[in-house]
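Any value given below was found using the heavy atoms of this structure, including those in side chains, with hydrogens, waters and symmetry copies removed. Quantities reported herein were computed from a predicted structural model and do not represent experimental measurements. Counting starts at 1 for both ligands and their atoms, following the listed order.
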Amino acid sequence: MRKTLAEIKAMKAQGKKISMLTAYDASMSRMLSSCDVDVLLVGDSLGMVMLGYDSTVPVTMDEMLHHAKAVRRGAPEAFILGDMPFGAYHTGRSDAIANGVRFLKEGGCDGVKLEGGVEMCGVVRAMVDVGVPVMGHIGLTPQTASQLGGYKVQGKGLDDARKLLVEARALEEAGAFGLLIECIPDKLAQVITETINIPTVGIGAGIHCDGQVLVTHDLLGMFDKFTPKFVKKYADLSLGIKQGVQQFASEVKEGSYPAIEHSFTSEVDYRDLLNE
Ligand code: KIV
């Protein structure tokens with residue numbers, strides 16, 4: 001049965017940790033939803049992982065929807081969030097609402113996530129007011145990473161930490177149902193988690209968050225361009241994939257694949273066709 005928004009929110013008070021993973025296609029979302037994963041995120045990280053861009057900035061709404069639809073087809077029972085790409089909520093509240101609604105109506109998502117703090121609260125409020133559930137995202141926000149000095153830990157000093165706490169409170173006040181916090185010190189994540197009433201889901205934010213999210217391709221060892229410190233590799237599929245593919249290529253070249261058990265056979269002598 002698909003989890004409801006109320007059930008996801010209630011997990012904080014119940015002390016149940018939220019597990020969240022990225023999904024970009026139907027076969028992966030089918031596998032993830034058969035495991036104990038509470039939320040699938042169609043993250044704009046698909047720009048790098050699936051589309052080969054250097055950052056999340058070029059990703060478009062149409063690309064996000066293409067993947068969101070596939071994720072929903074693979075996992076009809078999953079709670080799915082669509083990640084609002086850069087530009088989809090920066091040009092005014094009505095554009096943000098329209099794109100949020102597209103994620104729900106066309107992408108089959110249950111809600112959306114968007115990056116930003118106090119400056120995004122008006123947008124969040126407007127979306128929530130028309131019925132688009134929104135998860136906030138603060139700390140390291142990859143869409144604006146260049147303004148933050150790159151992919152760096154945020155909120156280390158007291159002033160920056162205070163700003164993040166203010167942002168967390170403001171997003172809760174604006175109606176966000178949850179908050180993703182990325183790359184901040186674990187004790188700051190603890191203070192934020194204990195201060196707000198909505199669940200925090202951390203990535204590189206330590207153990208004290210109400211839940212954890214990772215990019216699935218990172219935890220499975222399928223994206224080897226770089227591995228952030230906070231990633232734990234639970235498998236090395238990249239190695240397995242390369243070994244399997246190399247064996248296929250070698251067997252094709254040496255003529256040992258396909259074997260008789262991989263072939264369709266018949267009693268008919270088709271060479272008779274050559275004499276017709
Ligand atoms: O797009 C993404 O994968 C994210 C991560 C922070 C999980 O937003």
Subject >> His262 and Tyr257 aromatic ring geometry - parallel, tilted or perpendicular at 30°/60° bounds >> reply: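 Aromatic pair Tyr257/His262 classed tilted.
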Subject >> Among Val215, Leu40, Leu51, the one residue meeting side chain to side chain contact (heavy atoms under 4.5 Å, CB included) with Tyr24 >> reply: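 It is Val215, the one option of Val215, Leu40, Leu51 that forms the side chain to side chain contact (heavy atoms under 4.5 Å, CB included) with Tyr24.
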**OP:** Name all residues meeting the side chain to side chain donor-acceptor pair (under 3.5 Å) criterion together with Asp95; count only those two or more places apart in sequence or in a different chain, and write none if there are none.
**Re:**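 With sequence neighbours excluded, Asp95 shows a side chain to side chain donor-acceptor pair (under 3.5 Å) to Thr91, given in chain and number order.
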Original post:
Side chains of Gln243 and Gln247: donor-acceptor distance under 3.5 Å anywhere?
Top reply: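 Their side chains do not contain a donor-acceptor pair, so the 3.5 Å distance test is not met.
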Original post:
With distance as the sole criterion, is a donor-acceptor pair present between the side chains of Ser27 and Asp25 under 3.5 Å?
Top reply: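 A donor-acceptor contact under 3.5 Å links the two side chains.
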Subject >> Residues lining ligand 1 [heavy-atom distance under 4.0 Å, listed by chain and residue number] >> reply: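 Shell around ligand 1 (4.0 Å, heavy atoms): Thr22, Leu41, Gly43, Asp44, Ser45, Asp83, Lys113, His137, Glu182, Ile203, Val213, Val215.
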Original post:
Could you state the interatomic distance from CD1 (Ile207) to NZ (Lys17), rounded to the nearest 0.5 Å?
Top reply: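 Spacing of CD1 (Ile207) from NZ (Lys17) equals 5.5 Å.
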